[in-house]
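This report refers to the structure that appears directly beneath it.
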Amino acid sequence: MVNMSEVSHQRIKTNGIWMHIAEQGTGPLVLLLHGFPEIWYSWRHQIGYLAKHGYHVVAPDMRGYGDTDSPLSPSSYSLLHLVGDLIDLLDHFGQQQEPGRAERSFARYDYLTVMKKFLLYNKTDYLVAPPGMELIDYLETPAKLAPWITEEDLQVYAEKFEESGFTGALNYFRTLESYWELMGPWRGKRISVPAKFIVGDKDIGYDALGTGEYVKGDVFKSLVPNLEVVILDGHHFIQQEKPQEVSHEILSFISKFSTE
């Protein structure tokens with residue numbers, strides 16, 4: 001006998017429609033898709049079985065079936081629509097930094113400590129927390145300040161973020177994955193305007209993932225042909241750590257285009 005009381009139901013906005021899903025369990029996601037003439041209930045024997053073996057099982061009513069929306073036009077049922085529905089569904093369950101999660105972890109610390117953890121981070125490896133640990137917990141609180149920033153400087157940041165919170169700033173990172181799709185039409189296009197790229201040689205990730213080689217390599221310069229690369233001795237917040245050098249580099253760049 002299949003126990004349907006353990007199966008939960010919800011409707012999720014996906015690819016412009018509301019999709020009904022049945023789900024049970026926790027763990028790696030397993031997506032079960034029905035055919036014609038069926039609904040999610042066709043998987044009733046498998047849902048509980050897989051859930052009991054450590055999986056998060058999701059069985060949707062496909063577009064046009066059951067409690068999922070049924071667009072009127074036959075043209076709305078193409079393979080591309082089907083794939084779009086499922087990709088959005090996977091994205092819904094696959095997000096790593098859901099809204100509120102980072103804010104809740106940050107709230108365990110006072111604002112000044114959060115500023116110290118981020119602004120004074122000086123490692124060059126890729127910034128990622130180990131599995132099961134929040135990033136803010138992974139970051140160390142330095143015992144002393146860097147010479148380029150004062151306690152008063154940090155307090156300015158802390159007070160302003162205490163007023164605004166972190167959500168708006170974190171939303172930039174939450175939408176990063178959409179950049180590839182949004183910028184798709186310009187992929188491979190050259191940036192013809194003059195540009196200057198200033199980076200610290202100890203910046204976060206500069207030596208990781210081949211970033212340093214890319215910055216100094218031919219591909220970057222081929223995409224931005226009027227490019228000048230300046231690599232300074234410093235870290236991520238280079239405009240604060242090396243203010244005079246960065247100011248000079250900016251001035252030397254913009255002065256080339258000044259008009260009397």
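Only heavy atoms go into these numbers, but all of them, side chains included; no hydrogens, no water, no symmetry mates.
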Below 30° counts as parallel, above 60° as perpendicular, anything between as tilted: where do the rings of F220 and F197 land?
perpendicular
Contact between V57 and V7 at the side-chain level, heavy atoms closer than 4.5 Å - yes or no?
no
With side-chain contact (heavy atoms from CB on, under 4.5 Å) as the criterion, how do D233 and K242 come out once you've worked through the C-alpha distance, each side chain's angles and the decisive distance to 0.1 Å?
CA-CA 8 Å; D233 176 21; K242 295 296 175 69; 3.8 Å; yes
Testing the basics here: between A102 and L170, what is the closest heavy-atom pair and its distance to 0.1 Å?
CB-CD1, 3.6 Å
For the residue pair L223 and K189, establish whether any side-chain heavy-atom pair is separated by less than 4.5 Å.
no
What heavy-atom pair brings P194 and F257 nearest, and what distance separates the two atoms?
CB-CZ, 3.5 Å
So, for F237 and Y121, is the gap between ring centers shorter than 6.0 Å?
no
Taking the six-membered ring for Trp and the full ring for Phe, Tyr or His, determine whether the centres of H45 and Y49 are under 6.0 Å apart.
no
For the pair E140 and K117, find out whether any cationic side-chain nitrogen is under 4.0 Å from an anionic carboxylate oxygen.
no
For the CE atom of M19 and the OG1 atom of T14, what is their distance to the nearest 0.5 Å?
5.5 Å
Under a 4.0 Å N-O cut-off, is there an ion pair linking E6 with K52?
yes
Any side-chain heavy atom of I12 within less than 4.5 Å of one from F93?
yes
Are Y111 and F166 an aromatic pair by the rule of ring centers under 6.0 Å?
yes
Under the side-chain contact (heavy atoms from CB on, under 4.5 Å) criterion, do W40 and H9 qualify, and how do the steps go?
CA-CA 10 Å; W40 73 269; H9 298 263; 3.3 Å; yes
Checking S42 side chain against E38 main chain: does a donor-acceptor pair fall under 3.5 Å?
no
Looking at side-chain heavy atoms only, is the closest gap between E151 and L112 below 4.5 Å?
yes
Donor-acceptor check, side chain of K196 to backbone of V230, threshold 3.5 angstrom: yes or no?
no
Could you state whether L227 and Y214 fall into the same hydrophobic cluster, counting links through intermediate Ile, Leu, Val, Met, Phe, Trp or Tyr residues with side-chain heavy atoms under 4.5 angstrom apart?
yes
Any heavy-atom pair between the side chains of M62 and L82 that's under 4.5 Å?
yes
Under a 4.5 Å side-chain heavy-atom rule over Ile, Leu, Val, Met, Phe, Trp and Tyr, are L145 and W148 clustered together?
yes
Salt bridge between K256 and E228, side-chain N to carboxylate O under 4.0 Å?
yes
D88 and K13 ion-paired at < 4.0 Å
no
Rounded to the nearest 0.5 Å, how far apart are CD1 of I47 and OG of S8?
9.5 Å
Please check: side-chain N/O of D110 versus main-chain N/O of T113, any donor-acceptor pairing under 3.5 Å?
yes
Rounding to 0.5 Å, atoms CG (D201) and CD1 (I231) come to a distance of 7.5 Å
At what distance, to the nearest 0.5 angstrom, does CG of L119 lie from CD of Q240?
6.5 Å
Evaluate the side-chain contact (heavy atoms from CB on, under 4.5 Å) criterion for residues E23 and Q10: first the C-alpha distance (whole Å), next the side-chain angles of each, then the deciding distance (0.1 Å), finally the verdict.
CA-CA 8 Å; E23 61 181 324; Q10 63 171 314; 2.6 Å; yes
Heavy atoms, side chains only, cut-off 4.5 Å: are V58 and L32 in contact?
no
Check against side-chain hydrogen bond (donor to acceptor under 3.5 Å, both in side chains), Y109 and D137
CA-CA 9 Å; Y109 302 88; D137 298 325; 2.6 Å; yes
Taking all heavy atoms of W43 and all of H34, pick out the closest pair and write down the distance.
NE1-N, 3.4 Å
What are the two closest non-hydrogen atoms of Q24 and G48, and how far apart are they?
OE1-CA, 3.7 Å
Can you find a side-chain donor-acceptor pair between H235 and N122 that sits under 3.5 Å?
no
Mind running side-chain contact (heavy atoms from CB on, under 4.5 Å) on F118 and Y157 for me, showing each step along the way?
CA-CA 11 Å; F118 278 103; Y157 290 103; over 6 Å; no
With rounding to the nearest 0.5 angstrom, report the CD1 to OH distance, I39 to Y65.
11.0 Å
Indicate if L80 and L31 have the same hydrophobic cluster label, given that clusters are the connected sets of ILVMFWY residues with side-chain heavy-atom separations under 4.5 angstrom.
no
Rounded at 0.5 Å granularity, tell me how far OG1 in T68 sits from CG in D61.
4.5 Å
List the atom of K116, the atom of P142, and the distance in Å for their closest heavy-atom pair.
O-CD, 3.8 Å
On a heavy-atom basis, the closest approach of P130 and Y138 is CD-CD1, 3.4 Å
Is the closest side-chain heavy-atom distance between L232 and E241 below 4.5 Å?
no
Please check this pair: side chain of D67 against backbone of H20, looking for a donor-acceptor N/O pair closer than 3.5 Å.
no
Quick check against the 3.5 Å criterion: does Q155 have a side-chain atom that pairs as donor or acceptor with the backbone of E152?
no
According to a 4.5 Å side-chain heavy-atom criterion applied to Ile, Leu, Val, Met, Phe, Trp and Tyr, with indirect links allowed, do L120 and Y206 form part of one hydrophobic cluster?
no
Are the side chains of V193 and N226 in contact, using a 4.5 Å heavy-atom criterion?
no
Between E134 and R101, does any side-chain N to carboxylate O distance fall below 4.0 Å?
yes
Backbone of L72 reached by a side-chain donor or acceptor of S76 within 3.5 Å
no
Are L90 and I17 joined in one hydrophobic group, where the rule is that I, L, V, M, F, W and Y side chains link up if heavy atoms are under 4.5 Å apart?
no
